[in-house]
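Here the structure comes first, spelled out in structure tokens, and everything after it is commentary.
Below, read A as the first sequence line, B as the second, and so on, with proteins coming before strands; counting in each chain starts at 1.
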Protein chains: 2
Amino acid sequence: MQVSPVTTETKRPLTLRDVSEASGVSEMTVSRVLRNRGDVSDATRTRVLAAAKELGYVPNKIAGALASSRVNLVAVIIPSLSNMVFPEVLTGINQVLEDTELQPVVGVTDYLPEKEEKVLYEMLSWRPSGVIIAGLEHTEAARAMLDSAGIPVVEIMDTDGKPVDAMVGISHRRAGREMAQAILKAGYQHIGFMGTKMPLDHRARKRFEGFTEVLGKHGIEIEDREFYSGGSALAKGREMTKAMLDRSPELDFLYYSNDMIGAGGLLYLLEQGIDVPGQIGLAGFNNVELLQGLPRKLATMDACRLEIGRKAAEIIAAQLADPNTEIETRITLTPKISYGDTLKRR
Amino acid sequence: MQVSPVTTETKRPLTLRDVSEASGVSEMTVSRVLRNRGDVSDATRTRVLAAAKELGYVPNKIAGALASSRVNLVAVIIPSLSNMVFPEVLTGINQVLEDTELQPVVGVTDYLPEKEEKVLYEMLSWRPSGVIIAGLEHTEAARAMLDSAGIPVVEIMDTDGKPVDAMVGISHRRAGREMAQAILKAGYQHIGFMGTKMPLDHRARKRFEGFTEVLGKHGIEIEDREFYSGGSALAKGREMTKAMLDRSPELDFLYYSNDMIGAGGLLYLLEQGIDVPGQIGLAGFNNVELLQGLPRKLATMDACRLEIGRKAAEIIAAQLADPNTEIETRITLTPKISYGDTLKRR
DNA sequence: TTGAAAGCGCTAACAT
DNA sequence: ATGTTAGCGCTTTCAA
């Protein structure tokens with residue numbers, strides 16, 4: 001039986017020095033090779049790379065970042081990952097940052113201002129090169145941090161308000177107004193509203209405000225409303241719709257604050273054999289991919305998620321590449337209504 | 001008109017020294033206050049905190065991590081954010097890590113082994129305290145990195161294979177087998193399969209293998225199959241189902257590799273007035289929340305996403321708290337079939 | 001083309 | 001309870 005050598009080698013992470021010793025070249029030169037900086041002869045380059053690979057060296061970005069005071073991270077702060085909207089924004093951000101040195105790091109706030117403040121603080125303590133943050137509403141402390149961070153900040157999704165620095169989004173107030181106009185124009189008069197129980201979802205709130213504002217100008221009020229939280233949005237949409245119509249059978253239009261509950265309502269109405277959009281019209285918001293597969297296409301409005309992500313990342317990348325760059329930093333995208341099969345066209 | 005002072009103060013990030021000077025206390029003591037370490041008198045603590053807040057100081061974790069060689073990051077590496085499965089895993093991870101010092105950092109591989117290798121390298125270069133990575137299949141280089149990183153590694157989702165270190169998941173092969181058994185037991189004989197065009201989705205592959213294995217033992221073969229990529233899964237499920245049934249009307253069961261395409265198929269069959277599960281049975285995989293809102297509930301199997309995330313995070317947290325901890329590090333969860341309304345019970 | 005020295009901002013370890 | 005010193009692993013800067 002063989003005795004195994006008791007080399008209690010606590011796996012110490014490898015350093016540049018290890019590669020330096022293994023290749024017989026100074027740490028500095030190794031560093032240059034690994035970063036493709038400065039002139040290095042092909043001979044040493046080859047030797048260094050061989051040694052690094054052989055050892056399995058992984059550079060220490062912590063040390064690198066401290067020494068160079070360059071951290072190629074972009075903090076991305078969003079309220080949630082669980083509805084399909086923010087992942088798509090992330091996809092847009094990723095698409096653009098992939099062609100750069102920058103790496104996104106995501107923080108989630110659950111729509112809570114204090115959590116946003118905390119997450120922001122945590123992220124800033126890594127000294128990122130830029131911040132992309134959802135919404136224009138932040139705690140005073142959060143705003144102060146963004147203000148004094150000395151890095152590009154892009155507030156996304158919403159443009160109804162004053163940004164700290166740059167912003168990319170749509171006007172949710174306008175989105176609400178336009179939907180109200182389309183609904184009234186189509187001749188609907190008795191309108192119900194369903195949405196999330198989220199006092200802190202400012203974008204949903206603004207859509208609602210824009211919506212009621214236009215109704216009000218036409219002397220119309222929302223006749224019934226219902227809010228939900230948690231659970232399967234599709235199922236909730238179904239339940240709420242049933243409850244509302246049982247309660248208020250005179251309604252001829254249902255406006256949903258998001259497509260998922262709208263889709264649930266649509267499925268319910270179709271099952272009941274109700275004529276959509278003849279007897280009752282429906283509209284949601286977001287233009288989620290899901291809608292493509294439903295028996296009828298729900299009327300909705302695009303939130304421009306991918307585009308917002310891309311533009312925000314482009315602003316950050318451009319500002320970092322050249323701080324004096326002259327690019328548009330206040331971008332308001334203008335989504336069009338998609339009538340689908342649930343809102344009469346007029 | 002007042003002349004504004006031209007203090008071209010290039011916003012230099014604040015350091016401990018700034019707080020130290022502002023509060024008249026040594027840097028070390030400031031550091032202690034800010035980390036709640038060691039004994040500090042209430043008087044100085046108060047002064048220091050006031051100064052820090054007043055200045056808007058945000059600690060530099062880069063420097064802190066380098067000095068203490070402690071980086072409270074957990075690298076989480078997943079294939080995708082765009083189907084609902086991984087966000088739910090992240091939620092589970094978050095839930096557990098929120099009660100610790102640890103912070104998850106997410107990397108996405110798009111199901112590409114080379115990209116996984118690259119993402120892993122990038123993340124390891126930040127010297128995280130642990131790694132949670134989806135799947136058991138990695139490039140040789142990736143496996144070597146995980147092996148020699150000297151930190152806890154948890155491979156998640158799948159348990160059909162040999163992990164580098166810890167693993168938490170379900171057996172997808174078994175999931176496929178069990179579904180096949182249930183289908184045969186219910187008396188279905190002519191089976192079609194639909195799935196993604198993803199040769200690199202090993203878990204889908206394993207489910208398929210387990211599925212066909214059991215069918216084979218009963219002398220049954222899959223009679224038709226179809227694969228898709230891109231687009232709305234719900235719409236694709238609808239299209240593929242139509243195409244397949246037009247082509248192979250003798251089929252009496254359709255097995256889908258995920259719930260979304262299964263849901264699309266279900267909606268299509270219901271529209272066609274086909275008797276489900278009498279004439280045709282259906283089953284998907286994942287048990288996504290969406291299913292709750294459909295007119296009928298699709299048969300499926302839970303992927304235990306939340307639980308997997310939680311357990312993985314718990315393993316990391318436990319190992320970091322006490323490297324000699326004696327906890328289970330090979331966890332195979334066993335999901336039960338959910339028959340819903342689309343698979344006959346027998 | 002290569003190397004040596006200094007220091008990034010913080011914390012461990014040791015004074016006091 | 002507070003301060004001092006050294007150094008984390010790398011990059012910047014300057015010298016050779």
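Rounded to a whole Å, the CZ atom of A/R127 is 9 Å from the P atom of C/dG9. The distance from atom CG of B/L14 to atom P of C/dC8 is 15 Å, rounded to the nearest whole Å. Rounded to whole angstrom, the span from the CG atom of B/L34 across to the P atom of C/dT11 amounts to 8 Å.
Between the side chain of A/N83 and the backbone N or O of A/V85, at least one donor-acceptor pair lies under 3.5 Å. The backbone N or O of B/V71 sits less than 3.5 Å from a side-chain atom of B/S129, completing a donor-acceptor pair. Judged by distance alone, the side chain of B/S68 and the main-chain N or O of B/G64 form a donor-acceptor pair under 3.5 Å. Here the side chain of B/T29 pairs no donor or acceptor atom with the backbone of B/V25 at under 3.5 angstrom. Panel note: side chain A/N72, backbone A/L102; no donor-acceptor pair is recorded below 3.5 Å.
Within residues 52-75 of chain A, the residues that place at least one heavy atom under 4.0 Å from DNA chain C are, in residue-number order, A/L66, A/A67. Remark: A/V25, A/S26, A/M28, A/T29, A/R32 in residues 18-32 of chain A come within less than 4.0 Å of DNA chain C through at least one heavy atom. Near DNA chain D, meaning a heavy atom under 4.0 Å away, the residues from residues 38-48 of chain B are B/D39, B/V40, B/S41, B/T44.
Applying the salt bridge (charged side-chain N to carboxylate O under 4.0 Å, His left out) test to pairs two or more places apart or on separate chains, those with a residue in residues 14-26 of chain A are A/R12-A/D18, A/R17-A/E21, A/R17-A/E27. Pairs engaging residues 87-104 of chain A under the salt bridge (charged side-chain N to carboxylate O under 4.0 Å, His left out) rule: A/E88-A/R305, A/E98-B/K115 [sequence neighbours left out]. For residues 119-133 of chain B, the pairs satisfying salt bridge (charged side-chain N to carboxylate O under 4.0 Å, His left out) are A/K61-B/E122, with sequence neighbours left out. Residues in residues 311-328 of chain B take part in these side chain to side chain donor-acceptor pair (under 3.5 Å) pairs, two or more places apart or across chains: B/E307-B/K311. Applying the salt bridge (charged side-chain N to carboxylate O under 4.0 Å, His left out) definition to pairs two or more places apart or across chains, none involves residues 37-54 of chain B.
In this view, A/L66 and B/I62, B/A63, B/L66 satisfy the side chain to side chain contact (heavy atoms under 4.5 Å, CB included) rule, not counting sequence neighbours. Not counting sequence neighbours, the partners of B/T139 by the side chain to side chain contact (heavy atoms under 4.5 Å, CB included) test are B/P113, B/E117, B/A141, B/A142.
Along DNA chain D, read 5' to 3', the first and last nucleotides having any atom under 4.0 Å from a heavy atom of chain B are D/dA1 to D/dG9.
Rounded to 10 degrees, the angle separating the terminal helix axes of the helix from C/dT1-D/dA16 to C/dT16-D/dA1, each built from five base pairs, is 30°.
Distance check: B/T329 OG1 to B/E155 CD gives 11.5 Å after rounding to the nearest 0.5 Å. Within the model, atoms OG1 of A/T109 and NE2 of A/H138 stand 10.0 Å from one another, a figure rounded to the nearest 0.5 Å.
With respect to B/V106, the side chain to side chain contact (heavy atoms under 4.5 Å, CB included) criterion is satisfied by exactly one of B/I93, B/V119, B/I132, B/I78: B/I78.
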